[in-house]
There are 2 protein chains.
Amino acid sequence: MTAGRRTGLHAVAERAGVSVSLVSRILSGDDAVRARPETRERVRAAARELGYQPHGAARALRLARAGALGLVVHDMSNPIHAEIIRGAQAAATDRGQVLLLSDATQLAGNDDAFAQLLGPGRIDGLMWQGSGEEYDDELAARAAGRLPTLLVNSRSRAGVPALRLDDERAARLAVRHLVELGHRDVAYLGGRPGADLTERRRAGYAAELAAHDLAERPQWTVELEWDAPAGYAGMTRLLAAEPRPTAVFVANVVVAVGALAAAREAGVRVPADLSVVAVHDAWFVAHGAPPLTTVRLPLHRLGDMAVSMLLDGDQARAADGLVIDDPAPELLVRGSTAARP
Amino acid sequence: MTAGRRTGLHAVAERAGVSVSLVSRILSGDDAVRARPETRERVRAAARELGYQPHGAARALRLARAGALGLVVHDMSNPIHAEIIRGAQAAATDRGQVLLLSDATQLAGNDDAFAQLLGPGRIDGLMWQGSGEEYDDELAARAAGRLPTLLVNSRSRAGVPALRLDDERAARLAVRHLVELGHRDVAYLGGRPGADLTERRRAGYAAELAAHDLAERPQWTVELEWDAPAGYAGMTRLLAAEPRPTAVFVANVVVAVGALAAAREAGVRVPADLSVVAVHDAWFVAHGAPPLTTVRLPLHRLGDMAVSMLLDGDQARAADGLVIDDPAPELLVRGSTAARP
DNA sequence: TCCTCGTGCGCAAACGTTTTACCAAGCTGG
DNA sequence: CCAGCTTGGTAAAACGTTTGCGCACGAGGA
């Protein structure tokens with residue numbers, strides 16, 4: 001018997017002197033299988049000695065389940081996105097799945113890459129980090145036609161279920177903090193208009209102002225883009241407003257980095273002359289000048305929940321958009337907010 | 001003939017009225033296959049109409065090639081790491097591969113996750129972002145025993161080939177900038193001692209000082225950790241040194257963020273009283289107070305090259321550690337460096 | 001007329017699993 | 001003494017590809 005140099009289960013079976021099917025069932029802990037304890041032990045020993053590892057592709061093929069989830073993000077160097085990835089990564093690993101990372105802008109221009117990622121046998125579900133871009137919704141909808149798909153950090157769009165954070169509450173928390181410091185002239189510095197993120201935070205801002213009988217003014221509302229240069233430009237515009245606000249609510253921490261730079265360059269002291277608070281926290285703004293007051297949202301949990309729901313086939317629960325609010329939004333008061341001058 | 005509701009190639013074959021094998025050959029562009037143009041067209045049309053996509057797992061199984069690469073990183077919220085990921089991602093997509101992301105600290109504690117990622121049929125090669133931690137080398141070496149493996153941003157350790165940047169040159173560039181501004185008392189603020197990253201940047205610092213006949217002083221050398229709090233602590237210590245340096249070379253931009261905060265809190269003005277320059281660039285330090293002078297290194301290229309080498313089976317070229325220096329290190333002069341007071 | 005050869009395609013095995021179906025041997029009860 | 005049940009397994013098909021080999025058919029040459 002010139003033992004075949006086969007690999008995998010076959011090799012284990014040969015060494016243990018049993019059939020391949022028995023090995024499979026024993027190693028996978030199939031309770032229904034009848035085998036003598038002695039045989040079981042022999043099989044397990046053989047597997048151990050040969051260092052048997054199941055073949056991922058073979059399992060995926062046979063089980064019609066890839067054991068992997070896809071995650072499409074926009075910009076990895078955005079700390080917000082990084083935090084979502086971390087959450088998803090941790091949850092996927094915990095549940096014995098692997099995570100397949102892709103980039104939305106690359107996918108947008110590359111049909112082959114899209115097919116490669118979403119074709120059969122690659123992933124069992126997809127998380128798409130929504131950005132409110134047009135192509136984004138279209139691609140996510142296409143994906144949803146093939147696979148369980150979840151938009152992450154977006155409201156439900158084009159019929160794709162979605163997970164989001166309590167942006168309105170976060171905004172209200174931030175604005176309330178400003179009002180409690182005595183500010184009455186609170187401006188809004190948002191991101192790209194049209195995205196629902198913007199709408200929700202803007203709504204929270206407006207609601208909280210209204211709750212205190214404070215006025216929104218058109219010249220105190222600036223919405224440009226979700227990046228630091230836009231924050232710079234936006235703050236520059238707000239500082240030129242007549243009358244000048246005494247506080248600014250910034251809808252995103254990345255935007256706030258640019259905004260603080262603009263204030264600094266304009267010679268406006270934060271927080272002495274102007275208070276600034278932003279939604280989302282990032283490690284580096286805690287070390288800035290001044291350290292930025294922010295509202296922390298459970299981004300990690302967002303990724304975590306997305307993975308769980310996809311794996312549990314539970315994504316329909318988010319059909320109308322599900323709000324993740326378990327670790328509630330938390331105000332982190334640092335050095336960029338102070339009592340009204 | 002009750003056409004089976006089969007999927008994949010089978011369905012295409014049925015619709016085109018040919019065999020599965022012929023479809024496979026035609027669609028994969030096999031030149032050696034002989035088929036009438038008319039048949040070819042019929043097959044292609046059927047594939048198009050059915051929206052045929054090859055089954056990833058089935059191909060992986062048959063071809064004994066997963067079509068995926070693994071990337072293990074340490075901390076996604078570190079902008080340096082994010083940039084490497086981006087580079088690897090882009091290159092992988094370009095070459096029709098997918099990228100499987102994992103986290104080193106998770107893998108360290110979880111043998112199942114390690115096996116899941118590295119078991120047969122999952123990935124064809126692995127990039128491991130080195131950090132100089134002990135467990136890191138051990139795990140990377142274990143991986144290298146199973147798969148083509150490349151350490152990224154590390155020198156070759158435990159026999160595992162590695163790609164790294166020209167850290168020494170970057171350090172020299174930064175220090176030379178300080179010297180050219182007239183500084184003679186230049187301190188070194190590094191990261192966790194022992195890691196080869198630290199050694200290489202420290203060597204560059206020392207070499208450049210020596211080239212200008214400047215002295216290193218023990219009290220001007222601080223090495224703690226690769227994070228912002230360590231930067232804070234380190235700078236605090238340097239500011240207490242006797243005599244106090246007039247410039248600090250910081251081995252990493254993340255550390256520099258903490259260092260700047262410490263200087264600020266101590267009432268030391270940067271750059272008027274103290275110049276600071278750091279290795280690696282990150283978008284947010286350009287907006288800080290002051291904007292940080294940095295040396296940009298081709299991190300993106302690092303990820304890019306790692307993917308290429310693995311896919312080309314070329315990783316042996318890096319057996320002794322290969323230095324990526326194509327876009328050369330570039331000094332970005334901003335506001336944290338000035339002439340000696 | 002027979003042989004050969006090129007053309008155009010089909011058969012079947014294999015990749016490593018999982019799972020359904022089945023079977024031989026031993027035991028038990030009547 | 002045998003029907004039927006339990007025990008301890010085995011055989012084979014299937015998942016969707018790829019690929020080596022073979023085969024039928026018609027044309028052309030001897």
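Reminder, nothing fancy here: chain letters follow the sequence lines and each chain counts from 1. Quick caveat, the model's predicted, so the values are computed rather than measured.
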How would you label the contact of B:Ala35 with the nucleic acid (heavy atoms, under 4.0 Å): base, sugar-phosphate, or nothing? sugar-phosphate
Applying side chain to side chain donor-acceptor pair (under 3.5 Å) between B:His81 and each of B:His74, B:Arg86, B:Gln129, report the one that passes. B:Gln129
Whole-Å distance, A:Glu38 CD to D:dT7 C1', equals 14 Å
Rounded to whole Å, how long is the line connecting atom CG of A:Leu50 with atom P of C:dG16? 14 Å
Does C:dG6 have OP1 or OP2 under 4.0 Å away from a side-chain N or O of B:Arg34? no
I need the NE2-P distance between A:His55 and D:dG16, as an integer number of Å. 17 Å
Base of C:dC11, side chain of B:Ser21 - is there a donor-acceptor contact under 3.5 Å? yes
Between A:Asp196 and A:Arg157, does any side-chain N to carboxylate O distance fall below 4.0 Å? yes
Would you mind telling me which of C:dC9, D:dT10, D:dT17 lies closest to the side-chain atoms of B:Arg36? C:dC9
Among C:dG16, D:dT19, D:dT17, which is the nearest nucleotide to the side chain of B:Leu63? D:dT19
Determine the contact category for A:Pro120: base if any of its heavy atoms lies under 4.0 Å from a base atom, sugar-phosphate if only primed atoms, P, OP1 or OP2 are that close, otherwise nothing. nothing
Can you tell me if B:Asp312 has over 12 outside heavy atoms packed within less than 6.0 Å of its CG? yes
Roughly how many Å is it from CD in A:Glu14 to P in C:dG16, rounded to a whole number? 13 Å
Look at the side chain of A:Ser24 and the backbone N and O of A:Val20, then say whether any donor-acceptor pair between them is shorter than 3.5 Å. no
Atom NE2 of B:His10 and atom P of C:dC11: how far apart are they, to the nearest Å? 11 Å
By the 4.0 Å heavy-atom rule, please label B:Val33 as base, sugar-phosphate, or nothing. nothing
Would the base of D:dG8 count as contacting A:Arg25 through its side chain, where contact means a donor and an acceptor less than 3.5 Å apart? no
Side chain of B:Ser19: nearest nucleotide among D:dG16, C:dT17, C:dG10? C:dG10
Under 3.5 Å: donor-acceptor pair, side chain of B:Ser77, backbone of A:Pro79: no
Between D:dT10, C:dC15, D:dT19, spot the one nearest the side chain of B:Ser24, thanks. D:dT19
Closest-nucleotide ordering on DNA chain C, the 5'-leading residue of B:Arg42 and B:Ala58: B:Arg42
Would you find more than 12 non-hydrogen atoms of other residues, nucleotides or ligands less than 6.0 Å from A:Arg65 atom CZ? no
Using whole Å, what does the distance between atom C1' of nucleotide D:dT17 and atom CG of B:Leu61 come to? 8 Å
Whole-Å distance separating the CZ atom of B:Arg59 from the P atom of C:dC15: 18 Å
In whole angstrom, what separates B:Leu9's CG from C:dA14's P? 20 Å
Closest listed nucleotide, where the reference is the side chain of A:Leu22 and the choices are C:dC9, D:dT10, D:dG16: D:dT10
Looking only at side-chain N and O atoms, does B:Thr39 come under 4.0 Å of OP1 or OP2 in C:dC9? yes
